[in-house]
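Heads up: the structure comes next, in structure tokens.
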Protein chains: 2
Amino acid sequence: MTGVTEEAGGTRPTMADVARAAGISTALVSIVMRGVPGASEATRKRVLKIADEMGYVPDQRARKLRQSSSRLLGVTFELQQPFHGDLVEQIYAAAARRGYDVTLSAVAPSREESTAVGALLRERCEAAILLGSRLGTEELARLARRGPTLLVARHTDVPGVGVVRGDDKAGVALAVDHLAALGHRHIAHIDGAGAPGSSDRRLGFLEAMGRHGLQDSAEVLAGGLTESAGAQGMRYLLARETPPTAVVAFNDRCATGVLDVLGREGHAVPGEISVVGYDDSRLAKFPHVQMTTVSQDAARLAEAAVSGALDLVAGREASESVFAPHLVERATTGPAPGHP
Amino acid sequence: MTGVTEEAGGTRPTMADVARAAGISTALVSIVMRGVPGASEATRKRVLKIADEMGYVPDQRARKLRQSSSRLLGVTFELQQPFHGDLVEQIYAAAARRGYDVTLSAVAPSREESTAVGALLRERCEAAILLGSRLGTEELARLARRGPTLLVARHTDVPGVGVVRGDDKAGVALAVDHLAALGHRHIAHIDGAGAPGSSDRRLGFLEAMGRHGLQDSAEVLAGGLTESAGAQGMRYLLARETPPTAVVAFNDRCATGVLDVLGREGHAVPGEISVVGYDDSRLAKFPHVQMTTVSQDAARLAEAAVSGALDLVAGREASESVFAPHLVERATTGPAPGHP
DNA sequence: GTGAAAGCGCTAACAG
DNA sequence: CTGTTAGCGCTTTCAC
């Protein structure tokens, strides 16, 4: 036993340990570990080898503490929202391109958004990015006072808070235009209840229907963000004497529920009824689903969110970036029954 | 302007700022912020008030750096795996019960597991909990050398690595027993391809079928963890002269794809074909789905994972905890066609 | 009940 | 190319 490979049971090697083992100063080890110029090739190799043997991993916490800026972005997201998953994945990439790390804080039925946000704050991230937040104006304002804050996929009038979102009114209008062009006259919208963006989508639906002279057959149902909400709404619609020939759902999850009920009750899609989702999340892309949906392009939103957050950090004024969504025509929409 | 409410543009107030504003030492502020005894009620109130006005939030990083133990658990999970979402939610709760924080590191198509694990290591969490890891033996061993490591829902023989999982063989056997009791003779299993646990489930399926004397009509298809895999498998089965009357899918996502194809092609569930999922994730619980599935009880797995990880931290030997799953009978299984 | 001082693991100037 | 010194924001003795 030479005592070099100190298989520590509980305590992990520090930079000082590596320096000692290599017989040099910690500063030099730091230079090597960061890969910055200032060490000879020989030293570099030797230190790296020793560090690896010892199982040394730099302490991110100490590192960030020492640096003036933490280069850390905080993100809250909903664990069970596929579109949030898409966004988070893209945010990792966008942040990495700028040399930023990301710290995640999840929201779930048993973990409130305010808890999640609090955790971020304590991590001292330079900015907080909230996906589809449901925070009240009050709390949002408080948060914004604590540090740069940016909302994704939700609007707010709270000053100082950045916003990155798709144009919800335009998005739903795209869906309605598409359906109208296919000859649909009786179209229903299963909305997102109180969810972020749902009032815009509702409004966009009504306006677009009006533009096509279909205001009288426009129908809006209280829905939600889940498959259950969609399923419930669709069952309700099917109970009518004359169900609509097309449904615009609040999001892909909701549309999935709609499709499920239709399949189950033996209604052909799109032969009998057409369905449009929203988000172009992974749910819409499955080969067996091929859902027509409105794409928010997670990559672009993520990119804008990260750059918007960093703008806030740099002291620039909060802004609202609204992205034009586009329709992705897949297999769940077709001509209205009896239409050429 | 009294200069007290320093609406700092970029820099956040530190403990020293609060101490200065309150005219006391930082040590005392620390006592107050942590809520430990050692300060008069009057001081406590005053400091809390001042801190709040200044928007002061303790720096978690500095705090953990100073404390000998970080009381931090790292968790890697897949962003698009609903069951992982369930587990993460429960892990938050289990960790909180022990006064531990959780740091998340996501795995996604564009973010490899090794990247995610590396991020955890640098965060200096006391232990790493990997959900459904696909890491190779080599890498797992390396990781285990770096710090306490625990696998959830996956087995490994790497020494020193803790394991918490459901009994996959027994779980699938439960499904087969249930179906056999309902009179099904021709049952197929759409497996998880190379996913963690899939070989056990495959084996459990074959063994259980053998026990019922059904080895000749037991059929195993290469599947996967996604809806697409399930859909593809089911379509393949339906193309047969005599499709099976029941399908055991690798997981709920896979089963969802199966159900979708069946609905779409007009096959009654469970009238014509019964379907069993695995995980009892949110996908199985939807009112419109009501999927019969094998429950792994996320809460119990999470609890065991956290306590197992802390055991490792405490220096206790790595162990494997295997939990007996149970069958949740819902609406996607019923008597085989022609069976009493 | 309160304060002074040391130091967690690291990086950022500077010297040499 | 390499070492010394200081200190990031906090907690922790140990005095008073």
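In this text, all values refer to a predicted model and were calculated from it rather than measured experimentally. Below, each value reflects all heavy atoms present in this structure, side chains not excepted, and no hydrogens, waters or symmetry copies.
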Length of the line joining B:M15:CE and C:dG7:C1', which is rounded to integer Å
15 Å
Can you measure B:R20 atom CZ to D:dG9 atom P for me and round it to whole angstrom units?
11 Å
For the helix from C:dG1-D:dC16 to C:dG16-D:dC1, what angle lies between the axis at the first five pairs and the axis at the last five pairs, to 10 degrees?
30°
Is the shortest side-chain heavy-atom distance between B:L73 and B:L310 below 4.5 Å?
yes
Could you check whether any side-chain N or O of A:Y92 sits under 3.5 Å from a backbone N or O of B:A106, counting only pairs where one atom can act as donor and the other as acceptor?
yes
Atom pair distance, as rounded to whole Å: CZ in B:R12 and P in D:dG9
12 Å
Starting at CG of A:L312, measure out to CG of A:L150 and round the result to the nearest 0.5 Å.
6.0 Å
Nearest-Å distance for atom pair CZ/P, residues B:R122 and C:dC10
13 Å
C:dC10 OP1/OP2 closer than 4.0 Å to side-chain N/O of A:T14:
yes
Acceptor/donor pairs from residues 27-34 of chain B side chains to any protein atom, 3.5 angstrom cut, sequence neighbours excluded:
unit_1, atom_1, unit_2, atom_2, d
B:S30, OG, B:R34, NE, 3.1
B:S30, OG, B:R34, NH2, 3.0
B:R34, NE, B:S30, O, 3.2

Can you tell if the side chain of B:P109 reaches within under 4.5 Å of the side chain of B:Q80, non-hydrogen atoms only?
no
Rounded interatomic separation in angstrom, taking CZ from B:R61 and P from C:dT11
13 Å
Distance alone, cut at 3.5 Å: any donor-acceptor contact between the side chains of B:E113 and B:S133?
yes
Closer than 4.0 angstrom, basic N to acidic O: yes or no for A:D101 and B:R122?
no
Taking atom C1' of C:dC10 as reference, at what distance in whole Å does atom CD of B:E123 sit?
15 Å
Within the structure provided, determine whether B:V117 and B:E139 are in side-chain contact (heavy-atom separation under 4.5 Å).
no
Under 4.0 angstrom between A:S25 side-chain N/O and D:dG3 OP1 or OP2
yes
Let's go through A:R142 and B:D52 carefully: what are the C-alpha distance in whole Å and the side-chain angles of both, what is the deciding distance for side chain to side chain contact (heavy atoms under 4.5 Å, CB included) to 0.1 Å, and is it a yes or a no?
CA-CA 10 Å; A:R142 256 179 72 87; B:D52 185 64; 3.7 Å; yes
Starting at CG of B:D59 and ending at C1' of D:dG9, how long is that distance when rounded to a whole Å?
6 Å
In this structure, how many angstroms lie between the P atom of D:dC8 and the NZ atom of B:K64, rounded?
22 Å
Nearest nucleotide by nearest heavy atom, which residue falls closer to the 5' end of DNA chain C, B:L65 or B:I24?
B:I24
Can you sort out which residues in residues 27-47 of chain A have a heavy atom within less than 4.0 Å of DNA chain D? Ascending by number, please.
A:A27, A:L28, A:G38, A:A39, A:S40, A:T43
